[in-house]
Amino acid sequence: MLDLKLIRQRPDWIKEKLSSRGVTAEEIDELLGLDEQRRAKIVADENLKKKRNDVSEQIAQIKREKGDASQAIKDMREVGAQIKQLDQEVAELDEKVTYILVRLPNIPDDSVPVGPNEDYNVEIRKWATPREFDFEPKAHWEIGENLGILDFERGAKVAGARFVYYKGFGAKLERALYNFMLDEHSKEGYEEVIPPYLVNNDAMFGTSQFPKFTEDVYTVINEGDPLTLIPTAEVPLTNYYSHEIIDGAKLPIYLTALTPCFRSEAGSAGRDTRGLIRLHQFNKVEMVKYVKPEDSFNELEKLTADAEDILKKLKLPYHVITLASGDASFSSAKTYDIEVWLPAQNTYREISSCSNCTDFQARRAQIRYRDENGKVQYLNTLNGSGLAVGRTVAAILENYQNEDGSVTVPEALVPYMNGVTKLIAEN
RNA sequence: GGAGAGUUGGCAGAGUGGUAAUGCACCGGACUCGAAAUCCGGCGAACCAGUAAAAUGGCGCGCAGGUUCAAUUCCUGUACUCUCCUCCA
């Protein structure tokens with residue numbers, strides 16, 4: 001959520017900044033008009049409340065002296081009705097202002113390329129040269145099925161399309177990967193967390209999946225009290241400190257968690273229908289940071305580097321791109337996507353997304369800190385995948401495949417695989 | 001699932017219809033070579049409006065409603081915490 005005062009003070013700047021994010025100048029003008037009406041009503045309302053407080057005190061005084069206060073009480077009855085009316089009008093305007101305000105995306109940082117879609121994304125660095133194959137590299141789903149470690153058919157039978165069973169060394173590889181990732185992040189100062197996988201609407205609002213993106217998730221109705229299967233650990237990790245005021249001396253705070261993520265993938269019918277790339281349920285190791293505003297862009301660089309380190313240690317080629325203003329997520333001021341090389345697709349595919357949400361989520365979720373001067377202010381939140389585990393399995397299968405159908409285990413994972421160095425089909 | 005108790009500033013804790021005591025902590029001062037102790041004074045909740053910044057006002061006692069001229073206080077609903085019973089991996 002944006003700061004309404006900022007919109008009031010710099011409307012033209014806001015309009016310009018949000019124009020590439022699908023926000024029209026008319027929307028901002030409408031918001032400002034409603035806000036002005038709202039504030040005018042508040043002034044009138046508060047004047048009446050002041051009067052009520054003053055007269056109420058007089059009534060108390062008269063009664064204490066056993067006098068007759070019936071005239072004042074009669075007058076106040078009318079004032080009370082007016083206040084009730086104005087309160088309601090203010091509440092209605094408040095609702096209208098809030099309706100618009102919570103649907104405005106974050107302001108892109110000045111360093112972000114301006115443009116409406118992914119065509120304006122900019123590659124900023126590339127790591128390692130993709131391996132040259134002297135045979136035709138297979139797609140990971142083919143490798144996995146041949147090795148008997150991925151079973152998409154039974155996933156579809158038991159749950160539906162876009163669900164999978166990992167088996168045997170497939171399951172072990174997945175487990176090895178997230179244990180490795182969590183250990184590496186722990187070394188960098190992230191505290192490991194196991195959060196709830198179902199969250200309430202307030203949490204979904206706090207990280208801004210709600211109210212705009214309700215179609216993308218699975219919601220479970222529990223006796224009229226809806227709970228949503230988390231689409232990412234960002235939700236429970238960022239809401240961990242919601243509605244709290246943190247001691248500034250405790251910042252920065254780094255959290256990491258492995259969780260399953262559930263996404264309905266509405267609107268992506270026909271895309272990535274095979275393999276591990278786009279499933280309704282997948283594991284992801286997430287990193288979340290709570291930082292002081294002045295540190296957040298520096299922390300974004302470190303966060304991205306922490307995600308990249310996993311790929312470097314796994315020796316998987318990747319590149320990093322800065323998302324254009326129109327391609328970044330709703331709550332982000334700046335996002336780096338890390339894309340890993342998939343030989344069978346002959347392209348880079350997203351494996352991590354690292355965002356600085358500045359104070360956008362903090363304002364929604366009411367996460368504040370007390371600075372050295374005792375002043376309460378919004379902190380900044382960041383989140384990034386480190387990494388999407390299923391997509392990492394896909395990348396390993398494809399990049400480490402051998403002509404005979406076996407897959408070499410990346411050196412860094414061997415200790416996590418109990419010494420297994422190669423995945424070979426068992427008959 | 002059932003019964004009871006509770007939720008008030010950073011912490012502790014009073015307040016049964018008249019507009020939030022007090023203590024600790026914190027800040028300033030006195031005393032002291034300095035500190036501690038003591039004494040004096042003050043600040044002290046988030047939010048909204050307002051202002052150049054102040055002042056000032058509103059709101060505010062878990063949350064949402066209701067009754068009333070007036071609600072921390074009465075009524076209704078609800079969330080969470082604790083205790084006991086029940087159930088359970």
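Every chain is numbered from 1, with letters handed out A, B, ... down the list of sequences.
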Measuring only the [atom1] atom in each nucleotide, how far is [N] from [M]? A whole number of Å is fine.
N: B:G2; M: B:U78; atom1: P; value: 11 Å
N: B:A3; M: B:G58; atom1: P; value: 42 Å
N: B:G44; M: B:G9; atom1: C1'; value: 7 Å
N: B:G10; M: B:C26; atom1: P; value: 16 Å
N: B:C61; M: B:A46; atom1: C1'; value: 13 Å
N: B:C84; M: B:C47; atom1: C1'; value: 39 Å
N: B:A25; M: B:G13; atom1: C1'; value: 14 Å
N: B:A79; M: B:C69; atom1: C1'; value: 32 Å

For residues 82-92 of chain A, tabulate all N or O donor-acceptor pairs below 3.5 Å that involve a side-chain atom, not counting sequence neighbours.
from, atom 1, to, atom 2, distance (Å)
A:Q82, NE2, A:E78, OE2, 3.3
A:Q85, NE2, A:E89, OE2, 2.7
A:D87, OD1, A:K49, NZ, 3.0
A:Q88, NE2, A:E92, OE2, 3.2
A:E89, OE1, A:K41, NZ, 2.9

Partner residues of A:D327 under the salt bridge (charged side-chain N to carboxylate O under 4.0 Å, His left out) criterion, sequence neighbours left out:
none

Partners of A:R363 by salt bridge (charged side-chain N to carboxylate O under 4.0 Å, His left out), sequence neighbours excluded?
A:D359

Surrounding CG of A:N418 (heavy atoms of other residues, nucleotides or ligands, distance under 6.0 Å), is the total greater than 12?
no

Take atom OH in A:Y99; do more than 12 heavy atoms of anything else shown fall under 6.0 Å from it?
no

Between A:I59 and A:V43, which residue's closest nucleotide on RNA chain B lies nearer the 5′ terminus?
A:V43

Between A:A72 and A:R39, just flag the one whose closest nucleotide in RNA chain B comes earlier from the 5' side.
A:R39

Check the distance between [N]'s [atom2] and [X]'s [atom1] and give it to me in whole angstrom.
X: A:I62; N: B:A70; atom1: CD1; atom2: P; value: 15 Å
X: A:D35; N: B:C48; atom1: CG; atom2: C1'; value: 12 Å
X: A:I83; N: B:U19; atom1: CD1; atom2: C1'; value: 14 Å
X: A:D94; N: B:A49; atom1: CG; atom2: C1'; value: 12 Å
X: A:H243; N: B:C47; atom1: NE2; atom2: C1'; value: 14 Å
X: A:L86; N: B:A49; atom1: CG; atom2: P; value: 17 Å
X: A:K63; N: B:C69; atom1: NZ; atom2: P; value: 10 Å
X: A:L48; N: B:C69; atom1: CG; atom2: C1'; value: 14 Å

Heavy-atom pair with the smallest gap, counting every atom of A:M1 and A:L101:
CG-CG, 3.9 Å

Side chains of [X] and [Y]: donor-acceptor distance under 3.5 Å anywhere?
X: A:D371; Y: A:Q377; result: yes
X: A:H243; Y: A:Q366; result: no
X: A:T207; Y: A:T238; result: no
X: A:S332; Y: A:S329; result: no

A:R175 NZ/CZ over A:Y416 ring centroid, <6.0 Å and within 45° of normal
no

Measure all distances between protein nitrogen or oxygen atoms and nitrogen or oxygen atoms of nucleotides 7-16 of chain B, and list the pairs falling under 3.5 Å.
none

Stem regions touching RNA chain B, defined by at least 3 consecutive Watson-Crick or wobble G-U pairs below 3.5 angstrom:
B:1-7 with B:79-85, B:10-12 with B:22-24, B:26-30 with B:38-42, B:47-49 with B:56-58, B:62-66 with B:74-78

Proximal nucleotide (of B:C69, B:A49, B:G18) relative to the A:R77 side chain:
B:C69

Reckon A:R368 has a side-chain N or O less than 4.0 Å from the OP1 or OP2 of B:A46?
no

Per-nucleotide protein contact string for nucleotides 57-67 of chain B, where B marks a base within reach and S marks sugar-phosphate only (heavy atoms under 4.0 Å, - for neither):
BSS-------S

Residues A:D295, A:K292: salt bridge by 4.0 Å N-O rule
no

Counting the atoms with a prime plus P, OP1 and OP2 as sugar-phosphate, which does [X] contact under 4.0 Å by heavy atoms, base, sugar-phosphate, or nothing?
X: A:R363; value: nothing
X: A:K74; value: nothing
X: A:K5; value: sugar-phosphate

Proximity of A:F360 and A:F330 rings by center, below 6.0 Å
yes

